[in-house]
Amino acid sequence: MSTHPTRISYPDFERLAPKAVSALYGLGTAPHGSLDEQLIELLELRASQINGCAYCVQYHLGLARKAGLPQTKIDMLPVWREAGIYSARELAALAWTEHLTDISRQGAPDAAWAALREVFSEAEAVNLCVAIVAINAWNRVAIALGFAPMAA
């Protein structure tokens, strides 16, 4: 049982704040086409885990599977640094995701940006930032309003 009550359901959020939903979708879909879908889902899932957003974790687990992300990468995501199964691009992107998700404590260090830029073009790095910002925004809305994960 969730310790957070549903304050506003997702359908009610859509009804009550359609412009916000549209803006969040626009921000969230902007990086698609510029980045690999599996990578985007990996980052969205990791940020959602860090933020403790059950609704978003469940949602992005489904999208990660649909995008063809290998189950082993999904399963090992909480321990990605030690797993030894992620590519150099995935490792750099996951590190950047963690920095931006926990920005008040970790900041956005130059060393992490440099590591990101070693394996991503400037445009890809910018789009990664947008993807990470978007999922963090969704996480905060979903947690604040208490969106409940869909029943299995």
Side-chain angles (χ1 to χ4, degrees), residues 8 10-11 13-147 149-150:
I8 301 289
Y10 182 76
F13 173 58
E14 287 181 308
R15 179 180 54 79
L16 294 167
K19 288 182 181 179
V21 172
S22 179
L24 285 166
Y25 271 120
L27 184 62
T29 58
H32 292 257
S34 300
L35 298 168
D36 177 72
E37 291 297 316
Q38 289 183 8
L39 180 64
I40 291 172
E41 290 308 325
L42 194 68
L43 304 180
E44 291 178 335
L45 183 55
R46 183 63 188 137
S48 298
Q49 289 172 339
I50 293 166
N51 287 323
C53 183
Y55 179 88
C56 296
V57 166
Q58 182 186 45
Y59 181 76
H60 288 287
L61 279 170
L63 290 180
R65 290 181 187 112
K66 185 177 177 182
L69 190 64
Q71 189 63 46
T72 305
K73 288 187 176 186
I74 294 170
D75 294 343
M76 298 302 286
L77 191 53
V79 292
W80 62 270
R81 285 181 184 84
E82 295 82 22
I85 60 171
Y86 298 96
S87 71
R89 285 170 61 92
E90 290 167 334
L91 291 170
L94 285 165
W96 192 242
T97 299
E98 291 198 357
H99 284 295
L100 296 189
T101 299
D102 192 22
I103 202 164
S104 69
R105 287 187 284 191
Q106 295 188 30
D110 290 339
W113 176 257
L116 190 73
R117 286 303 317 280
E118 285 180 17
V119 291
F120 288 98
S121 71
E122 187 173 50
E124 288 173 322
V126 168
N127 278 288
L128 280 168
C129 290
V130 172
I132 295 163
V133 166
I135 189 57
N136 275 281
W138 273 113
N139 289 166
R140 282 150 177 75
V141 168
I143 292 167
L145 299 180
F147 293 171
M150 294 170 237

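Index from 1, following the sequence.
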Does R81 come within less than 4.0 Å of E98, counting only side-chain N to carboxylate O?
yes
Among T101, T97, D102, side chain to side chain donor-acceptor pair (under 3.5 Å) partner for N136:
T101
Taking atom CD of E122 as the centre, report whether more than 12 heavy atoms of other residues, nucleotides or ligands fall under 6.0 Å from it.
no
How long is the gap from CD1 on I8 to CZ on R15, to the nearest 0.5 Å?
8.0 Å
Heavy-atom nearest pair, A125 first then R117, reads CB-CD, 3.7 Å
List the steps, then state whether side-chain contact (heavy atoms from CB on, under 4.5 Å) holds for L69 with L39.
CA-CA 8 Å; L69 190 64; L39 180 64; over 6 Å; no
Distance (rounded to the nearest 0.5 Å) between I40 CD1 and L45 CG:
13.5 Å
Side-chain heavy-atom pair Q71, R65 within 4.5 angstrom cut-off
yes
Working to the nearest 0.5 Å, report the span between CG of L116 and SG of C129.
7.0 Å
Kindly write out the residues that satisfy side chain to side chain donor-acceptor pair (under 3.5 Å) with Y59, not counting sequence neighbours, or none if the list is empty.
none
Determine whether L77 and Y86 make a side-chain contact, defined as any pair of heavy atoms from C-beta on separated by less than 4.5 Å.
yes
Please work out whether the ring planes of F147 and Y10 are parallel, tilted or perpendicular, with thresholds of 30° and 60°.
perpendicular
side-chain contact (heavy atoms from CB on, under 4.5 Å) between I135 and L43: does it pass, once the steps are laid out?
CA-CA 9 Å; I135 189 57; L43 304 180; over 6 Å; no
So CG of N139 and CG of N51: to nearest 0.5 Å the spacing works out to 4.5 Å
Can you confirm if the aromatic rings of F120 and W113 lie within a centre distance of less than 6.0 Å?
no
With rounding to the nearest 0.5 angstrom, report the NE2 to CD distance, H60 to E41.
6.0 Å
Evaluate I143 against Y55 for side-chain contact (heavy atoms from CB on, under 4.5 Å), listing each step before the verdict.
CA-CA 8 Å; I143 292 167; Y55 179 88; over 6 Å; no
Salt bridge check, R89 against E124: does any charged N sit closer than 4.0 Å to a carboxylate O?
yes
Could E90 and K73 be called an ion pair, given the rule that one side-chain N must be under 4.0 Å from one carboxylate O?
yes
Quick check: do E44 and C56 have side-chain heavy atoms less than 4.5 Å from each other?
no
side-chain contact (heavy atoms from CB on, under 4.5 Å) involving A95 - partner list, sequence neighbours excluded
W80
Give me the atom names and distance for the closest heavy-atom approach of P70 to Q38.
CD-OE1, 4.1 Å
Working to the nearest 0.5 Å, report the span between CH2 of W96 and CD of Q106.
10.5 Å
